[in-house]
Amino acid sequence: MNQPNTALLEVREKVTGIASLPQLIISMMLFLLLFFGIGFLLNMILRSTWIMAVTYPIIVILIIDEVGIFDYIFSPVSSFGALGGHVANLQSVDILILVFGLAGAILSGIVIKMLRNRGYQMF
């Protein structure tokens, strides 16, 4: 007889985009693994240790902002102002997911560095 308040769930999903805790946990793990994997491959192929950790903020800007890439070059004042507004409007759930992506990118650099120190030469 205790049905969940569907109106509250709908409002929470509209605000955060995430309806439940398992969905949040899965999203965090997916971002961690996705950016770990991409970072590991890029670091291995390009023989660089921190390439993904450096490019991750650019990827986050492309995810967050609706402004085109060339607008940052041709009209930087309005583009960076819009970016600041979008960053300020992020929900804590979104920030948490993006932080886990950054952790995956940094973790890939740490793993590559450890493997190279132990004598593994990848490509």
Between CG of Leu107 and CE of Met114, what distance do you get to the nearest 0.5 Å?
9.0 Å
With a 4.5 Å cut-off on side-chain heavy atoms, are Trp50 and Thr55 touching?
no
With sequence neighbours excluded, tell me which residues meet ring pair (Phe, Tyr, Trp, His ring centres under 6.0 Å) with Phe100.
none
Rounded to the nearest 0.5 Å, what separates atom CG in Leu41 from atom CG in Leu46?
10.0 Å
Side chains of Asn43 and Thr49: closer than 4.5 Å at any heavy-atom pair?
no
Any Val67 side-chain heavy atom under 4.5 Å of Leu83 side chain
no
So CD1 of Ile51 and CD1 of Ile45: to nearest 0.5 Å the spacing works out to 12.0 Å
Is there a continuous path of hydrophobic side-chain contacts, each under 4.5 Å between heavy atoms, that joins Leu90 to Ile58?
no
Determine whether Ile97 and Leu30 make a side-chain contact, defined as any pair of heavy atoms from C-beta on separated by less than 4.5 Å.
no
Heavy atoms only: give me the nearest Ala105-Met52 pair and the separation to one decimal.
CB-CG, 3.8 Å
Are Tyr120 and Val111 connected in the hydrophobic side-chain network, where two residues link if heavy atoms are under 4.5 Å apart?
yes
Between Tyr56 and Leu98, is any pair of side-chain heavy atoms under 4.5 Å apart?
yes
Between atom OH of Tyr72 and atom CG of Asp65, what is the distance when rounded to the nearest 0.5 Å?
3.5 Å
Show the nearest heavy-atom pair for residues Met44 and Arg116, with the distance to one decimal.
CA-NH2, 4.1 Å
Roughly how far apart are Phe36 CZ and Ile106 CD1, rounded to 0.5 Å?
13.0 Å
Ile95 and Leu21: same hydrophobic cluster, using ILVMFWY side-chain contacts below 4.5 Å?
yes
Evaluate the criterion side-chain contact (heavy atoms from CB on, under 4.5 Å) for residue pair Ile26 and Phe31; output intermediate values, then yes/no.
CA-CA 9 Å; Ile26 291 170; Phe31 259 63; over 6 Å; no
Does a side-chain heavy-atom distance below 4.5 Å link Leu32 with Met28?
no
Please report the interatomic distance CG(Leu24) to CG(Leu96), rounded to the nearest 0.5 Å.
5.5 Å
Give a yes or no on whether Leu33 and Ile110 share a hydrophobic cluster (residues Ile, Leu, Val, Met, Phe, Trp, Tyr; joining criterion: side-chain heavy atoms under 4.5 Å apart).
no
Honestly curious: do Val93 and Leu34 fall in one hydrophobic cluster under the side-chain, below-4.5 Å linking rule?
yes
Would you check, one step at a time, whether the test side-chain contact (heavy atoms from CB on, under 4.5 Å) holds for Leu62 with Ile69?
CA-CA 8 Å; Leu62 293 175; Ile69 296 171; 3.6 Å; yes
